[in-house]
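Positions are given from 1 along the sequence. Heavy-atom basis, side chains included; hydrogens, waters and symmetry copies ignored.
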Amino acid sequence: MKISVHFKNFAIYILLLVLSIVFASFFGGPVAFVWLYAMILIISVSVLYIGLNYKFLAIYQEIEIHKVSKGEIHKYRILLENSGFLPIHNMALSTYSDRCDLLEITDGQLISLDVREKMELTSSINCKYAGAYDVGVKSLTFTDPFNIFSVDLNVLYTFKAVVRPKITNIANSALDFENLVNNTGFKSINQVEDIPGNDMRSYQSGDSLSSINWKVSAKFSELMVRLPNPMEKRSVTIIMDAANWQDSKQNLEFLKMRDFFLEFVVSAAWNFGQQNVPLEIIYPSGDIKTSTVDSYESFMEFYNEIADGIFYRSDAVKTKLQSLIKEKSVDYDKNTCILIKEDCRDKKDFCSIIG
């Protein structure tokens, strides 16, 4: 709650109050004291008026779809209803202009509602950061009937948007650092998969029909199959070392940090996917969770979850993740493990290989 005093009108009120006290002191009588009591009650009546308006004002906010994407324009709607018995005059709407753009609703827009009146406002909305955070209208400013002071009060029910990050190439250059050390590509544990080779033999019971070479079979008048050749298939693990800002998740600094963090991880997953590299992603989602991204479908499943799915259920989960990172740091027999830190003051350490 924030109270703003209109100094000019407040000074006039104090002057009239003093004159009323002097008038009642010198002349007395019911008229003088009725006027004095009325001046004294002005502030109390104003506070009561604002309190009742705030209590009986119902607000409902929504965006046309459940999950939006950063930078995309969507439809936003807010419904205001005065269910009380007093009119609301010149109530100002304060918006989250630091994190979203409401193109048809301005910050500080004045709204007046008669008794039992409803008003619906619509606007296009553009959310600036990836993650889950409050958008739309954040507070209401009420002014007393005598224009002496104003009170800024948070809306009773905020609206949280779930904003997915952009899929960009911001991770590409950062992920090339390993190739500078190992020009054969990303070092990893050798995962072997069989592909049809050039060597042939006669068909045996149990061989896959897809391995039959029909042209060679026709030439030799018997079924011939290709012998499989082992092919190394590299894989990568990413650990998302997310920040644990339990009390500051609506802080603008946190939103900017989370936005870059999510966009980088999604871009990294997309980068490896285009190279057909299976990717294991370890991240906090209440507890420690592991997702495997090895197809477009698995990438989209991870992409749709990540915007509002990165959080710690408790400090113990954060400690558990740090222990896992230490284990990976000394475990050199496993596949490539890339650590991505969210709360990193030195951008050089934001992305590093730990195993």
Let's go through Asn271 and Asn169 carefully: what are the C-alpha distance in whole Å and the side-chain angles of both, what is the deciding distance for side chain to side chain donor-acceptor pair (under 3.5 Å) to 0.1 Å, and is it a yes or a no? CA-CA 7 Å; Asn271 176 280; Asn169 61 357; over 6 Å; no
Given 3.5 Å as the limit, does a donor-acceptor pair link the side chain of [X] with the main chain of [Y], or not?
{"X": "Ser44", "Y": "Ile40", "answer": "no"}
{"X": "Asp152", "Y": "Met1", "answer": "no"}
{"X": "Ser285", "Y": "Gly309", "answer": "yes"}
{"X": "Lys318", "Y": "Ala242", "answer": "yes"}
{"X": "Tyr303", "Y": "Ser298", "answer": "no"}
{"X": "Arg258", "Y": "Ile310", "answer": "yes"}
{"X": "Ser83", "Y": "Phe56", "answer": "yes"}
{"X": "Ser123", "Y": "Glu104", "answer": "yes"}
{"X": "Ser217", "Y": "Met224", "answer": "yes"}

Should [X] and [Y] count as an ion pair when the cut-off is N to O under 4.0 Å?
{"X": "Asp107", "Y": "Lys138", "answer": "no"}
{"X": "Asp287", "Y": "Lys320", "answer": "yes"}
{"X": "Lys289", "Y": "Glu305", "answer": "yes"}

Kindly indicate whether the side chain of [X], heavy atoms from C-beta on, has any atom under 4.5 Å from the side chain of [Y].
{"X": "Asn304", "Y": "Arg164", "value": "yes"}
{"X": "Phe142", "Y": "His89", "value": "no"}
{"X": "Ile21", "Y": "Phe23", "value": "no"}
{"X": "Ile238", "Y": "Leu339", "value": "no"}
{"X": "Leu156", "Y": "Ile59", "value": "no"}
{"X": "Met91", "Y": "Thr141", "value": "no"}
{"X": "Lys70", "Y": "Asp259", "value": "yes"}
{"X": "Ser46", "Y": "Phe149", "value": "yes"}

Determine, step by step, whether Arg201 and Val225 satisfy the side chain to side chain contact (heavy atoms under 4.5 Å, CB included) criterion, reporting the C-alpha distance in whole Å, the side-chain angles of both residues, the deciding distance to 0.1 Å, and the verdict. CA-CA 6 Å; Arg201 65 164 170 79; Val225 297; 3.8 Å; yes
Could you go step by step and tell me if Val265 and Ile340 meet the side chain to side chain contact (heavy atoms under 4.5 Å, CB included) rule? CA-CA 8 Å; Val265 172; Ile340 302 176; 4.0 Å; yes
Before we go on, tell me: are the rings of [X] and [Y] under 6.0 Å apart, centre to centre?
{"X": "Phe260", "Y": "Phe350", "value": "yes"}
{"X": "Tyr283", "Y": "Phe302", "value": "yes"}
{"X": "Trp270", "Y": "Phe299", "value": "yes"}

Identify whether [X] and [Y] are in the same connected component of the hydrophobic contact network (ILVMFWY, side-chain heavy atoms under 4.5 Å).
{"X": "Met119", "Y": "Leu102", "value": "yes"}
{"X": "Phe26", "Y": "Val34", "value": "no"}
{"X": "Leu17", "Y": "Val5", "value": "yes"}
{"X": "Ile43", "Y": "Leu15", "value": "no"}
{"X": "Val155", "Y": "Tyr96", "value": "no"}

When rounded to the nearest 0.5 angstrom, what distance separates [atom1] in [X] from [atom2] in [Y]?
{"X": "Ile42", "Y": "Phe146", "atom1": "CD1", "atom2": "CZ", "result": "4.5 Å"}
{"X": "Asp101", "Y": "Ile125", "atom1": "CG", "atom2": "CD1", "result": "8.5 Å"}
{"X": "Ser94", "Y": "Leu153", "atom1": "OG", "atom2": "CG", "result": "10.5 Å"}
{"X": "Leu86", "Y": "Leu113", "atom1": "CG", "atom2": "CG", "result": "12.5 Å"}
{"X": "Ile282", "Y": "Ile325", "atom1": "CD1", "atom2": "CD1", "result": "9.0 Å"}
{"X": "Ile338", "Y": "Glu280", "atom1": "CD1", "atom2": "CD", "result": "12.5 Å"}

Please list all pairs passing the salt bridge (Lys or Arg N to Asp or Glu O under 4.0 Å) test where one or both residues lie in residues 74-83, with sequence neighbours left out.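 Qualifying pairs, neighbours excluded: Glu62-Arg77, Arg77-Glu120.
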Would Tyr76 and Val135 satisfy side chain to side chain contact (heavy atoms under 4.5 Å, CB included), going step by step from the backbone distance to the final call? CA-CA 10 Å; Tyr76 164 84; Val135 297; 5.6 Å; no
May I have the step-by-step check of side chain to side chain donor-acceptor pair (under 3.5 Å) for Tyr203 and Glu222, ending in yes or no? CA-CA 8 Å; Tyr203 176 82; Glu222 65 173 317; over 6 Å; no
Using the rule given for side chain to side chain contact (heavy atoms under 4.5 Å, CB included), can you reason through Lys128 versus Val163, listing the C-alpha separation, both sets of side-chain angles and the distance that settles it, and then say yes or no? CA-CA 9 Å; Lys128 300 178 182 180; Val163 187; over 6 Å; no
Please enumerate all residues that pass side chain to side chain donor-acceptor pair (under 3.5 Å) together with Glu297, with sequence neighbours excluded.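 With neighbours one apart ignored, the set is empty.
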Would you say the side chains of Thr168 and Glu263 form a donor-acceptor pair under 3.5 Å?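 Yes - a donor-acceptor pair under 3.5 Å links their side chains.
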For [X] and [Y], work out which heavy atoms get closest and say how close.
{"X": "Lys256", "Y": "Tyr129", "result": "CE-OH, 3.3 Å"}
{"X": "Gly136", "Y": "Cys100", "result": "N-SG, 3.7 Å"}
{"X": "Asn90", "Y": "Ser112", "result": "N-OG, 2.9 Å"}

All ring pair (Phe, Tyr, Trp, His ring centres under 6.0 Å) counterparts of Tyr13, not counting sequence neighbours: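 In terms of ring pair (Phe, Tyr, Trp, His ring centres under 6.0 Å), with neighbours along the sequence ignored, Tyr13 is linked to no residue.
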Is it the case that atom [atom1] in [X] sees more than 12 heavy atoms from other parts of the structure closer than 6.0 Å?
{"X": "Glu64", "atom1": "CD", "result": "yes"}
{"X": "Tyr54", "atom1": "OH", "result": "yes"}
{"X": "Lys67", "atom1": "NZ", "result": "yes"}

Got a sec, which residues hit side chain to side chain contact (heavy atoms under 4.5 Å, CB included) with [X], two or more places apart in sequence or on another chain?
{"X": "Pro87", "result": "Val115"}
{"X": "Thr143", "result": "His6, Asn147, Ser150"}
{"X": "Ile73", "result": "Leu103, Ser124, Asn126"}

Given Asn82, which of Asp114, Ile88, Ile111 fulfils the side chain to side chain contact (heavy atoms under 4.5 Å, CB included) condition?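 Option passing the side chain to side chain contact (heavy atoms under 4.5 Å, CB included) with Asn82: Ile88.
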